[in-house]
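One structure below.
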2 protein chains.
Amino acid sequence: MTRPTSRDVATAAGVSQATVSLVLGDKWPGRVSERTATHVRETATRLGYRPNLAARNLRLGTTRTALLVVPALTNEFFARVYTGAARVAAEHGFGVVLYPSPDGTGPARDPFASARAALDGVIASSMAADALDAIGGNTLPLVMLDSDPAAGTAAAHVNLAMADGMRQITEHLLALGHRRFLHLASAVDSWTFDTRAEALTALLGPGTELRTVRSPLTVDGARTALEAALAAPQDRPTAVVCDDDILAAGACKAARRLGLRIPEDLSITGFDDLALATAVEPELTTVHLPAERVGEQGMTALLAVLEGTPWTAPDLPVRLVVRDSSGPAPTA
Amino acid sequence: MTRPTSRDVATAAGVSQATVSLVLGDKWPGRVSERTATHVRETATRLGYRPNLAARNLRLGTTRTALLVVPALTNEFFARVYTGAARVAAEHGFGVVLYPSPDGTGPARDPFASARAALDGVIASSMAADALDAIGGNTLPLVMLDSDPAAGTAAAHVNLAMADGMRQITEHLLALGHRRFLHLASAVDSWTFDTRAEALTALLGPGTELRTVRSPLTVDGARTALEAALAAPQDRPTAVVCDDDILAAGACKAARRLGLRIPEDLSITGFDDLALATAVEPELTTVHLPAERVGEQGMTALLAVLEGTPWTAPDLPVRLVVRDSSGPAPTA
DNA sequence: TAAGCCAAGTAATACGTATAACGTCAGGCC
DNA sequence: GGCCTGACGTTATACGTATTACTTGGCTTA
């Protein structure tokens, strides 16, 4: 009735529990004769034996499990980060457990309660950094994603070349003749977005203009915010630089409502290159972020840290993808 | 140096390990005097004690953890299912571990390897049913999402009223005068999509026409598929019923490329009501699926099953949301 | 033939927790 | 004073596994 243990297998096979463990552990070649080994293996499958992982974890003192802390999974970017992390983890016999930080809809506060697995380490996005205190994750090896390398206690950092991405966008727009910019920024306060804002400001020289509007990270929020900002026709910006494709999608809707053509009257750029970027019309000029690679590197870094190897790597490169939402600045 | 155990706390507090466990378990009021209890609690926090979950799981024979098997997290629908499931789980001190079934990009095959946590039960989407065999999840309490209630060995089923959703769409389009339909169906083979297709076929009476085109679940795939299907101008359908918002977004792009206006020349409907549905232009007429509720009910069902209570509930209702991508059939 | 050695297996143990079973001590009651 | 009772702790144990240290018997080797 109840799940068979290694001892049950041993009894059924007429050997000791230790032998079963040795055979199934597959780690000590030659310790058990091939004859006995196959017999044990057969018995195990016949009984449908599956090792009790709680017991194994206790014995080994490790769970080969990492916690990934992200702001929200419904954000495709982080879904992809997870995918990348989970892939690398699986290749090393590790697992990844999620902790979507509480944004009101997420699960409760304590990931040690919500993810009953014991953990070996933590990978956390800077956008969910506040959750880390609640975790007490500081007691575990920690890898930070997109956070200030100079701050914090993380054992390793995985960063994207955000400033360079912003540079590519800005130069692209400047080359197209744009001078009046609007930065549609995320209202979420995080190092990532701060970096982008700084880069943008630094790149716009004299003779240019920059306004900043902050918006929640939703299509509708962005639409509302931008509609208000663009209401007055005089001195309208000719280019809207968005912190995120989601914001850019909202910006497009706002523009259309105001009767502005994209990109003839107004250029709009995104960030991230989500599936959304090519689903909307016009397709968004945006910066492609290798989200899966972020997850992969995060997990790789954590694995290194767990082995005691210090880990470091250059920022992951990002790439401007020019599509249809950006064009020459209107001459009028 | 190493993590403190309950015994360390006991020694430091000058009591026995059992007392520490009793105090921190918070489960036997009156077993320990308030004086001792607070002393123990203080010592525990002072030492930074955190119970070893592997040991607890072993002792209790349960992990309060469920496995959620979904085809892909980058699909917003399943991300929301996860969110709902995780919320209910957290409310009951449970955790949810993910197993995105192998679509080529997912982690390896064995979720017992990838999710090192021992599991109490499994919640699986029918779209990932094939993964279940690999899991051997049949040995665990199983809740199926959107699968044939008559088939399989699941202890409970959580279904959406897909057929009714299709009915609402069809009646909406019929009322608008449409007679020539094209069903842009998902190439993924699952009960969910089969149900929708059957419903559509059954609802279209004499005097109507129905073609079916299958497409992979991507914007680009849908665009390509539909562009080919609509190339010939004669007898062109006036309404495209899509199995999914992603397909509908692709359909919109195909229409625009062919110079067809939406909805004047061609009505297009989606399914799911993802964020995408309102991000594209025109906003999609679609069927809203309560994705979070699916997750919530799935977890609720599993919790019931784990307690030995049989669980059953009517299909979750779905609701047609009429937006701008559907309109009267062209009269010409 | 004795000493040593290898192959093949087993007994014993520890991981850290929760809890059942068992003291112990003081006070109340007849 | 003896006995029961409750309050407060403690001792002991089991959960299922991986691994270390040990046993055993057969074989080689000097």
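Just so it is clear: chains get the letters A, B, ... in the order the sequence lines come, proteins before strands, and each one is counted from 1.
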Ignoring hydrogens and angles, write down the donor-acceptor pairs under 3.5 Å from the side chains of residues 68-76 of chain B, residues two or more places apart or on other chains.
{"unit_1": "B:Asn75", "atom_1": "OD1", "unit_2": "B:Phe77", "atom_2": "N", "d": "2.9"}
{"unit_1": "B:Glu76", "atom_1": "OE1", "unit_2": "B:Ala275", "atom_2": "N", "d": "3.0"}
{"unit_1": "B:Glu76", "atom_1": "OE2", "unit_2": "B:Ala275", "atom_2": "N", "d": "3.1"}

Report, one line per pair, each donor and acceptor closer than 3.5 Å where one atom sits in a side chain of residues 27-37 of chain A; sequence neighbours left out.
{"unit_1": "A:Ser33", "atom_1": "OG", "unit_2": "A:Thr36", "atom_2": "N", "d": "3.3"}
{"unit_1": "A:Ser33", "atom_1": "OG", "unit_2": "A:Thr36", "atom_2": "OG1", "d": "2.6"}
{"unit_1": "A:Glu34", "atom_1": "OE2", "unit_2": "A:Arg41", "atom_2": "NH2", "d": "3.2"}

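Nucleotide D:dC15 holds its P atom 18 Å from the CG atom of B:Asn52, rounded to whole Å. Rounded to whole angstrom, the span from the CH2 atom of B:Trp28 across to the C1' atom of C:dT17 amounts to 15 Å. To the nearest angstrom, C1' of D:dA14 lies 16 Å from CG of B:Asn57. Atom CZ in B:Arg3 sits roughly 8 Å away from atom P in C:dT17 (whole-Å rounding). Atom NZ in B:Lys27 sits roughly 13 Å away from atom C1' in C:dA20 (whole-Å rounding).
Phosphate proximity of D:dT17 to A:Ser21: absent, as no side-chain N or O sits under 4.0 Å from OP1 or OP2.
Looking at residues two or more places apart in sequence or on another chain, you find a side chain to side chain contact (heavy atoms under 4.5 Å, CB included) between A:Pro149 and A:His157, A:Asn159, A:Trp191. For B:Glu296, the salt bridge (charged side-chain N to carboxylate O under 4.0 Å, His left out) test picks out B:Arg87, B:Arg293, with sequence neighbours left out. In this structure B:Ala313 satisfies the side chain to side chain contact (heavy atoms under 4.5 Å, CB included) test together with B:Gln297, B:Trp311, sequence neighbours excluded. A search for salt bridge (charged side-chain N to carboxylate O under 4.0 Å, His left out) contacts involving A:Glu307 returns nothing, not counting sequence neighbours.
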All N/O pairs under 3.5 Å across the protein-nucleotides 4-6 of chain C interface:
none

Grab the N/O contacts between the protein and nucleotides 7-14 of chain C below 3.5 Å, and write none if there aren't any.
{"unit_1": "C:dG9", "atom_1": "OP1", "unit_2": "A:Thr36", "atom_2": "OG1", "d": "2.5"}
{"unit_1": "C:dG9", "atom_1": "OP2", "unit_2": "A:Ser33", "atom_2": "N", "d": "2.7"}
{"unit_1": "C:dG9", "atom_1": "OP2", "unit_2": "A:Ser33", "atom_2": "OG", "d": "3.1"}
{"unit_1": "C:dG9", "atom_1": "OP2", "unit_2": "A:Thr36", "atom_2": "OG1", "d": "3.3"}
{"unit_1": "C:dG9", "atom_1": "N7", "unit_2": "A:Arg31", "atom_2": "NH2", "d": "2.8"}
{"unit_1": "C:dG9", "atom_1": "O6", "unit_2": "A:Arg31", "atom_2": "NH2", "d": "2.4"}
{"unit_1": "C:dT10", "atom_1": "OP2", "unit_2": "A:Ser16", "atom_2": "N", "d": "3.0"}
{"unit_1": "C:dT10", "atom_1": "OP2", "unit_2": "A:Ser16", "atom_2": "OG", "d": "3.0"}
{"unit_1": "C:dT10", "atom_1": "OP2", "unit_2": "A:Thr19", "atom_2": "OG1", "d": "2.5"}

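Within the structure, every pair that satisfies the side chain to side chain donor-acceptor pair (under 3.5 Å) test and touches residues 8-19 of chain B, not counting sequence neighbours, is listed here: B:Ser6-B:Gln17, B:Ser16-B:Thr19.
Of all heavy-atom pairs between A:Gly93 and A:Arg64, the closest is O-NE, 3.4 Å.
Using a 4.0 Å heavy-atom distance criterion, A:Thr5 is classed as a sugar-phosphate-only contact.
Of the candidate nucleotides D:dT17, C:dT17, D:dG16, D:dG16 has the atom nearest to the side chain of B:Leu58.
B:Asp120 and B:Thr62 share a side-chain donor-acceptor pair at under 3.5 Å.
In terms of position along DNA chain D, the nucleotide closest to B:Leu60 lies nearer the 5' end than the nucleotide closest to the other residue of the pair B:Leu60 and A:Gly25.
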